[in-house]
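Note sheet for the following structure.
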Amino acid sequence: MAPPQPRHLLLLLLSFLAAASLATLAAAVYEDQVGLADWHQKYIGKVKQAVYHSQKSGRRRAVVLTEENVIASLDLRSGEIFWRHVIEKNDPIDQLSLSLGKYVVALSSGGSILRAWNLPDGQMIWETNLQVSKSSKPLLHVLSNNKVAKDNLVFVSAGRWIYAVSSIDGVISWGKEFSFDGLEIKQVVQSPDNDIIYAVGLAGSSKLNLYQLNAKTGEIAKHIQESFPSALCGETILGSHNVLVALDETRSGLFLIEFKGESISYNKVYILDLVQDLSGTVKLLPLMSNGVIALQASSTVSLLKLKGIDGLEVIQSFEQPAAVSDALTITEKDEAFAVVQHVGSEIELIVKFTSDVTNEFIREKINIDEHRGNIQKVFLNNYIRTDKSHGFRALLVMEDHSLLLVQQGEVVWSREDGLASIVDVTTSELPVEKDGVSVAKVEHNLFEWLKGHMLKLKGTLMLASVDELAVIQAMRLKSSEKNKMTRDHNGFRKLLIVLTKAGKVIALHTGDGRIIWSNLLQSLRASKSGEIPFALRIYQWQVPHHRVMHENPSILIVGRSGADSAAPGVLSVLDSYSGEELNSLRLDHSVVQIIPLTLEDSSEHRLQLIVDSHSHAHLYPRSPDAMNVFLHEMPNTYLYTVDIEKNVIRGHSLQKSCHNSDDEYCFSTKELWSIVFPSDTERIAISETRKMSEVVHTQAKIIADQDVMYKYLSKNLVFAATVSPKAAGEIGSAAPEEAWLMAYLIDAVTGRILHRVTHHGAQGPVHAVASENWVVYHYFNLRAHRFEMAVIEIYDQSRADNKDIMKLILGKHNLSAPITSYTRPEVMVKSQSYFFTFSVKAIAVTQTAKGITTKQLLIGTIGDQVLALDKRFVDPRRSVNPTQQEKEEGIIPLTDALPIIPTSYVTHSVQVEALQGIVSIPSKLESTTLVFAYGVDLFYTQLAPSRTYDSLTDEFSYALLLITIAALVAAIVVSWIWSEKKELRDKWR
């Protein structure tokens, strides 16, 4: 056999090296890569109840119940979550408690469901269903009397029902329904000496009933009834073991009710005789201490000492804002409670004992961040110090929904749990890193910069302590490439700016999710009159590009001064880099609809239209420059409104001024059209439209036979879905014959219905997303007992003649002809529906910089994960046997169901609990989009729907590339030498 020629050796070497260098480009996400370009943060929400479990050995923990319907066990040392359970919103948790020191018992669904979890690991032990009256407030009672507790019973009362349930296995020991009509149990009181319990209830508003029951059997031993001369409002607390304090209907007097033997005696005390200058609504706080009650008004919180039924004595009053904790048992005869009040920029924690309420056991001042707002709740806990004295710690719930643990005058840890209730999200670019300007100018001051370098020097010389090494590691992570506070050339580093339900604005870094700044807006804080503002939306306000590059970008926050839709609106403008409030404005009109326009004034402020309850549109910013820009485009500005209550969609145009108003920035609206859906056959379920910021790469779509289809890309296209009235409820609430869903494509300028399709036997909930010329929506098929996902694509037939190359070259086409909605469009619609496995919580679509990359649907599943589904799977042109040309185009063979590919989960194996929304943000790389999902948890990642075709991946082996280049150079040199020698030998022959 002849030896291989040098040219063949070179080809073999090139092939091997090329294959080796390309092997690293395989698209895959390994387990150790999770977390490099994504992050996941867990939260619990605003705490409304907390119970402690501070055992002598093991981990000390607090079990909390939050407004986001979360039950969680927290480590008291660090605030970390041991375990948590996020319960569905349709099963609201009413109350929780600890039983036997090892079970977490929770009452939910109006008292009809009682559950128990194992305290150490959160595993559910049992669940019991109870028959109760859901119209009343349910109560959970875990009694501490040893004679009763040894039977491991917990008591549940709701309406006129009372149950005794075993806390070990959930078995109902007994249940009792009282025969008195309209009775509502308010308190269950234990006897300190025997196994007797007392149930106190109100019938109507003025009849008090006292039942004496055997705790083991539920038998009624006695029943006493007493009528009061005036009605009660229903608020009652236990002032002592035999005295009940009740607030009257006018909230101006207190009834002191004593149970003695077989009789009930009472005395009425007027609050104004006790506390002067009261204002606002008076409430009884659930202090539940022995002989001390707390009374809250809008201006003060007052502590009152109970003197039997003879009266009350004011101990001390605290100016609002202040909070009082529940009583904490210290000894058999003594209890402690805490009062927290604001003193200047600090908060003050005061601990008192009920045996000596005039003196203070502890008074500590604590510094906290001003952007946490006022104190709202406090939960007290005690511990034994090394000197055997009592020490106290407290969980504080602040106005911004954050949770803090304070002890010995210091904040031990804090949790930013306001992030569990995000209402809107926007983004902002980071500052540009300029030559000659240190990045430290953005991140740190000079002192911190020098301090950091000194720490790094100590670490290099191995002189740093353990704490200093931890600081050095944190600094390195913060200064890593993805965590820098400047823009990167790929556009991955940004600020995620979120608006929470509490009215707090928080900026998160996309690199690691850390908080850059936060601001609790004064305009969205509760007023002294008790009015609670309502945060609505957040928008980009100013994005400097050319003329104002020296200015920082800013954001606009829109809210209402009250929960009512007719309440006046509030606006606030914040600096995107620092969070500083630049401007705040209380509007003299309401906020019903916010319309961000695509227009900008000379200062690059983005124009906004705010529609009030009188259908007047108000222009912001209120400047002559913005007015001139808007007036130029006003004839082409239209808006539509969807009134779900009246079941109508209306279209409007704008007129130059408001009637009976001198405000030049106010515009009246003129109704152009309306679509009234018949209420007996249809109810509006959802409406969607394209994002105004969406970028479309091309209008033309080349299909398999080299034909051209032109997308109908009108930004005035509105998708609306209606369902039959009986199908508007939960799944299964209607029979297939009574249920249908109708989908509409409507032109928002003329009100013309471009397309309508009916799905018989279908019902909601309906979720939809619109992009380019298509809409995808999700619903339930009652006939097939499965979820379905349908797609509608709409094409412009008026441009169908623009297919001749010569016409395009010679300019004889209508591609550049102006488009008007008043001309009846020639459209072609294609639609298809597919079975889908899961119920859906949210749907979004990927957005990229130029709109070239293949679209993917981002589907929030019922399992609180985000699934990326290629748009080609919901292509209406799919067929069972696609032709070869269709296969080359990328048409996938038709199947009845959409595939669920395990590797397509954007969230990998993690869950975004109580998933609420998904946001896609374009980066500078066309191949990559940034995805942010939020609910109780937060999740962020980078997604490449068509893989990273315009950049090298992080796994690309640059070393192998250099070796390949060196080997190629060496091979060329060796081949050249061999070639020269061969030519020389040939010449000598």
Query raised in the report: With a cut-off of under 6.0 Å to the ring centre and 45° to the axis, is Arg61 in cation-pi contact with Phe82?
Result: yes
Query - Verdict with supporting geometry, Ser73 and Arg84, side-chain hydrogen bond (donor to acceptor under 3.5 Å, both in side chains) - result: CA-CA 6 Å; Ser73 175; Arg84 64 173 180 168; over 6 Å; no
Query raised in the report: Would you say Phe534 has more than 12 foreign heavy atoms packed within less than 6.0 Å of its CZ?
Result: no
Requested in this report: Using a cut-off of 6.0 Å, state whether more than 12 heavy atoms not belonging to Glu80 lie near its atom CD.
Outcome: no
Query - Aromatic plane relationship, His616 with His618 - under 30° parallel, 30 to 60° tilted, over 60° perpendicular - result: perpendicular
Report task. Please answer whether the main-chain N or O of Arg606 pairs with a side-chain N or O of Gln540 as donor and acceptor at a distance below 3.5 Å. Result -> no
N-O pairing of [X] and [Y] below 4.0 Å:
| X | Y | value |
| --- | --- | --- |
| Arg115 | Asp91 | yes |
| Lys841 | Asp864 | yes |
| Arg372 | Glu399 | no |

Report task. Going by the salt bridge (Lys or Arg N to Asp or Glu O under 4.0 Å) test, name the single residue among Lys504, Lys42, Lys46 that passes it with Glu416. Result -> Lys504
Requested in this report: List the steps and the verdict of salt bridge (Lys or Arg N to Asp or Glu O under 4.0 Å) for Lys501 and Glu68.
Outcome: CA-CA 11 Å; Lys501 189 190 299 183; Glu68 301 303 318; 3.6 Å; yes
Query raised in the report: Taking C-beta and beyond as the side chain, do Phe392 and Leu328 meet within less than 4.5 Å on heavy atoms?
Result: yes
**Report entry** side-chain hydrogen bond (donor to acceptor under 3.5 Å, both in side chains) assessment of Ser920 paired with Thr929
**Finding:** CA-CA 6 Å; Ser920 177; Thr929 183; 2.7 Å; yes
Query raised in the report: Can you name the nearest heavy-atom pair linking Leu349 to Ala338, along with the distance?
Result: CD1-CB, 3.9 Å
